There are 2 protein chains.
Amino acid sequence: MSCDIPELTAHLGYRLRQLSNHVSQAFSRKLAAKDVTVAEWTVMRRLYPVESVAPSQLADAMGMTRGAISKLADRLVAKSLVVRDASATDGRAHFLRLTAHGAEMVPALAALAEQNEAECFAHLSSADRAVLERILANAVVQLRITATPVE
Amino acid sequence: MSCDIPELTAHLGYRLRQLSNHVSQAFSRKLAAKDVTVAEWTVMRRLYPVESVAPSQLADAMGMTRGAISKLADRLVAKSLVVRDASATDGRAHFLRLTAHGAEMVPALAALAEQNEAECFAHLSSADRAVLERILANAVVQLRITATPVE
DNA sequence: TATTGTTATACTCTATAACTATA
DNA sequence: TATAGTTATAGAGTATAACAATA
């Protein structure tokens, strides 16, 4: 026989992706009702508590290229959720800022995030939930993961 | 203050996506050296132990549309890793099958999967690893997740 | 009519690299 | 010359829907 190859399901990476995709897709469907993608929500959530952020800062924080952030910002501007401000001191620099309309939407979107979280992890015992939280947080530190997930 | 919104990092879904993206992207980079994507590997791994599989079966098993499977198959055929056979009994039906070249590649690709798994989860204690395995496997059952993850 | 599979179209996200304007 | 940001291009993935051939 030629089957000395482990099953796909034997890999933690496979299981992780399976569950993560399910959770993200469920969230994506909820956000779609508000015409917002997960990437757009993540930007909005990051802009919400601050005055404004430079695209380059956002790119670093989210582990995306500046080109990708530019396109994301284009979509958010087209939806009137975000505006671009020119810097007063540096002719090259810009800042992204939530519009009043964008800021108003954040609590509702955050509620969808909470709802998704509740639905997807309702089956976990509180002990399992705590363990999973600890393992995931620790893995992010151990693997030196800095990027914000988008997909 | 307007900050009654939970941090992004407070969500299990966020952490899960962060780790899952890291693991998948690391795997994707390893596979790229062999000019294979994660989705292509998953198809190859599924074809490996069997004679042949219909595109529709593959679509169901992987949670993808038939159109998506068609495109994936096109790429695998273009790379001479897979061939399409016509069914002898049903003029509509086709089957996908690994070429000799494709089958030869599977063990090397499986080794990359093992290597990625080892690198990404080396920091886990064996107890944590067992717990994570149990939690993930149980979540897949509880949430009735049937699709093979691709991204 | 229903089913198999392909094809067309469109959208999101990704990356590299060329480009503009400014420092 | 280096930097900030945009834009162009290309590729992989997603989905819906139209289509051909066959059952």
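Just so you know, these numbers come straight off a predicted model, no measurement behind them. In what follows, chains are A, B, ... by sequence order, proteins preceding strands, each numbered from 1.
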Atom CG of A/Leu72 and atom P of C/dT14 are separated, to the nearest Å, by 8 Å

To the nearest angstrom, the NZ-P distance between A/Lys79 and C/dT12 comes to 7 Å

Between CE of B/Met62 and C1' of D/dA15 the distance, given in whole Å, is 16 Å

Ranking B/Phe95 and A/Arg92 by the position along DNA chain C of their nearest nucleotide, the one closer to 5' is B/Phe95

Taken to the nearest whole Å, CG/A/Asn21 to C1'/C/dC13 is 14 Å

**Prompt:** Side chain of B/Thr42, backbone of B/Val38: donor and acceptor closer than 3.5 Å?
**Reply:** yes

Rounded to whole Å, the CH2-P distance (B/Trp41 to D/dA12) equals 19 Å

Residues passing the salt bridge (Lys or Arg N to Asp or Glu O under 4.0 Å) test with B/Glu40, sequence neighbours excluded, are B/Arg75, B/Lys79

Can you list, pair by pair, the side-chain donor-acceptor contacts under 3.5 Å of residues 86-102 of chain B, counting residues two or more places apart and other chains?
residue	atom	partner	partner atom	Å
B/Ser87	OG	B/Thr89	N	3.2
B/Ser87	OG	B/Thr89	OG1	3.3
B/Ser87	OG	B/Asp90	N	3.0
B/Asp90	OD1	B/Arg92	N	2.8
B/Asp90	OD1	B/Arg92	NE	3.3
B/Asp90	OD2	B/Arg92	NH2	3.1
B/Arg97	NE	B/Asp85	OD2	2.7
B/Arg97	NH2	B/Asp85	OD1	3.2
B/Arg97	NH2	B/Asp85	OD2	3.4
B/Thr99	OG1	B/Ser80	O	2.8
B/Thr99	OG1	B/Leu81	O	3.3
B/Thr99	OG1	B/His101	N	3.4
B/Thr99	OG1	B/Gly102	N	2.9

Rounded to whole Å, the CG-P distance (A/Leu31 to C/dC13) equals 11 Å

In whole angstroms, the gap separating P of C/dG5 from CG of B/Leu58 amounts to 10 Å

Residues 105-115 of chain B side chain polar contacts: donor-acceptor under 3.5 Å, at least two apart:
residue	atom	partner	partner atom	Å
B/Glu114	OE2	A/His11	NE2	2.5
B/Gln115	NE2	B/Glu119	OE2	3.1

Inset, instruction - May I ask you to evaluate whether A/Thr65 reaches the phosphate of C/dT14, defined as a side-chain N or O under 4.0 Å from OP1 or OP2? - result: no

Sort me out a list of protein N/O and nucleotides 6-10 of chain C N/O pairs below 3.5 Å, or just none if empty.
residue	atom	partner	partner atom	Å
C/dT6	OP1	B/Arg84	NE	2.4
C/dT6	OP1	B/Arg84	NH2	3.2
C/dT6	OP2	B/Ser70	OG	2.5
C/dT6	O5'	B/Ser70	OG	3.2

Short side-chain N/O contact to C/dG5 OP1/OP2 from B/Ser56, under 4.0 Å
yes

Sidechain-backbone polar pair: B/Arg15 side chain, A/Ile135 backbone, donor-acceptor under 3.5 Å: no

Only pairs under 3.5 Å count here: list side-chain donor-acceptor contacts from residues 64-73 of chain B, not counting sequence neighbours, and write none if there are none.
residue	atom	partner	partner atom	Å
B/Thr65	OG1	B/Ala68	N	3.2

A/Met64 CE to D/dG5 P, in whole Å, measures 15 Å

Contacts of B/Ala26 meeting side-chain contact (heavy atoms from CB on, under 4.5 Å) (sequence neighbours excluded), chain-then-number -> B/Arg29, B/Lys30, B/Asn116, B/Cys120

